[in-house]
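Here is the structure we will look at.
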There are 2 protein chains.
Amino acid sequence: MSSKTVDKALSILDVFTVETPTWGLRELARNLDMNHTIVHRILTTFEDKGYLYCNPETKKYELGIKFIELNNVVEEHLNISTMIQPIMKEIAVKTGESVVLTVLDEEEGVFVKIVESEQKVRFAESVGKRSALYIGASHKIILAHLPEELQNKIIDEGIESQSKHIPSKEKLMARLETIKREGWCFSEGETFDDVAACSVPLFDSKHQILGSLSIAGPKYRFSQQEGEEKLPALLENVEKLNSILSKVNFPSRRNYLTKKFI
Amino acid sequence: MSSKTVDKALSILDVFTVETPTWGLRELARNLDMNHTIVHRILTTFEDKGYLYCNPETKKYELGIKFIELNNVVEEHLNISTMIQPIMKEIAVKTGESVVLTVLDEEEGVFVKIVESEQKVRFAESVGKRSALYIGASHKIILAHLPEELQNKIIDEGIESQSKHIPSKEKLMARLETIKREGWCFSEGETFDDVAACSVPLFDSKHQILGSLSIAGPKYRFSQQEGEEKLPALLENVEKLNSILSKVNFPSRRNYLTKKFI
DNA sequence: AATCAGTGGTTCGATTATAGAACCACGGAA
DNA sequence: TTCCGTGGTTCTATAATCGAACCACTGATT
């Protein structure tokens, strides 16, 4: 049982994305197919509480300062700064490339933490980015460790949405099997055109797939072979990370892994 | 007009802080003086949407992955990574100390961004931290630029809560006047025991106080005199930052500055 | 300058989701 | 066993929400 009103309210928050960060009242109501009165009431409530901010000039709404605050609570609680970041930093220093922590949430992957190399290619802005599990090494390595039925479902949905990232179902399924067997994955130009990455899986205390750890850098200095060379640096540290993560119980939605799914 | 149900739901979120990041159902209901049924319904709703995570072993709730995602949307929209961070970085490099961006929200100050120096004293974990305006240089410089009636109200509330940071109202008010006249503020050991800071104010497009920019470092290498020596590096860059911030319209609650207050 | 179409915002009675007492089932302590 | 606590569920009186219709305003278009 779940609250319809709160559910509606949270659905409203969901449309504030990097792509569309500001919304007018009626524009938003139209988009969500809701009566503008109720949208207005909810927006006002969020605004009062600091979750949304209404620009007084444009009268458009955007996400508020509260999310900066609450993000800190999550990071603190996960010991991201004190425990996870140092390990990622060590890998970054050793390999000279950026290190990315990705987490499985529902049926997608989310970049949770990025530690940048000293080199000038930056993509820390992508923290929080969410995308389908068949895109990029960091996501594919997760997909490879999901139950086959779920892989099927996700790939079918990808084909339906005509994703350019699925050449054919058979090829992808075969690729996933190889990835799982070998325990790592390399990709280039999938999530970002000019970026290549090399990823290994992370597991929770019940040995269920939790996410992945990746090294990422610009394509021109990151071939598959160079990726393989960096693999040891990843694998050396991934155990430490796994033991931390297994104690933490990461707050992402993976309940379906223990339940039956359709 | 505001939605009671959503308001209640958001009040629940508010108790998930750095100090108390996890809550059991009944514990939470007791704390908020609410019926546990309704708390349960709201918690479930948040959980479904990824805003809360219920640890399957302990059955305790904590903030979910959604806040990492939405924090990114806020930061992206504010151009924190691309525009603000480089300026802060420049100051950090020039002074060798960490640089802190603080913003006024309602009647408190919130650390919105911290760029660390290469030196080993770290307090980036404090991003999102919220505290009263009479504590620390970064907050006092904001308080000094608020209307006198509001200063009165805030200081009175501080005295009522028996804050150790207010020696006497007269002294503090006099201090605030000096700070405002001189345009900067130094403090040590207020927000953190071993940290000193030097702060200058930031204003929005309507020349209203928006927040502050600070240099902060460990007390032993950060005397008032050393703070003053670093002041030019701050002031050189604060204009650039002000011009960026005036275009951005920062999403913090400062409506009361344009309205009457009680 | 008058019209129109679009905003954001408000009102109020019919409708519908919510509130909360009472209820499980479970688990640990005495 | 009993007791107290927990998380979670059920059901109906009740109170909050929904939404058509309503302002007041703005900025094109005629």
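Below, chains carry the letters A, B, ... as their sequence lines are ordered, and counting in each starts from 1.
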ask   = Which residues in residues 36-46 of chain A have at least one heavy atom lying under 4.0 Å from any atom of DNA chain C?
value = A:H36, A:T37, A:H40
key: Any residue of residues 58-65 of chain A with a heavy atom less than 4.0 Å from an atom of DNA chain C   =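 Per residue number, the list reads A:K59, A:Y61.
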message = Tell me if a side-chain donor or acceptor on A:T20 pairs with a main-chain N or O of A:F16 at a distance below 3.5 Å.
response =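 No; judged by distance alone, with no hydrogens or angles, the pair does not exist.
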query = Does A:E62 reach the main-chain N or O of A:C54 with its side chain, forming a donor-acceptor pair under 3.5 Å?
reply = no
query = Are the charged groups of A:D48 and B:R253 less than 4.0 angstrom apart, N to O?
reply = no
ask   = Are the charged groups of A:R254 and A:D105 less than 4.0 angstrom apart, N to O?
value =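 A:D105 and A:R254: not salt-bridged.
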Measure [atom1]/[X] against [atom2]/[N] and give the value in whole Å, please.
{"X": "A:N55", "N": "C:dT7", "atom1": "CG", "atom2": "P", "result": "17 Å"}
{"X": "B:W23", "N": "D:dG8", "atom1": "CH2", "atom2": "C1'", "result": "20 Å"}
{"X": "B:E57", "N": "D:dG7", "atom1": "CD", "atom2": "C1'", "result": "16 Å"}
{"X": "A:N35", "N": "D:dC22", "atom1": "CG", "atom2": "P", "result": "15 Å"}

ask   = Nearest 0.5 Å, what's the OG1-CD1 distance between A:T37 and A:I42?
value = 11.0 Å
message = Using ring centroids (six-membered ring only for Trp), state whether B:H77 and A:Y53 fall under 6.0 Å.
response =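 No, too far apart.
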ask   = Is any side-chain nitrogen or oxygen of B:K4 closer than 4.0 Å to OP1 or OP2 of C:dA19?
value =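 So the side chain of B:K4 is outside the cut-off, no N or O lying under 4.0 Å from OP1 or OP2 of C:dA19.
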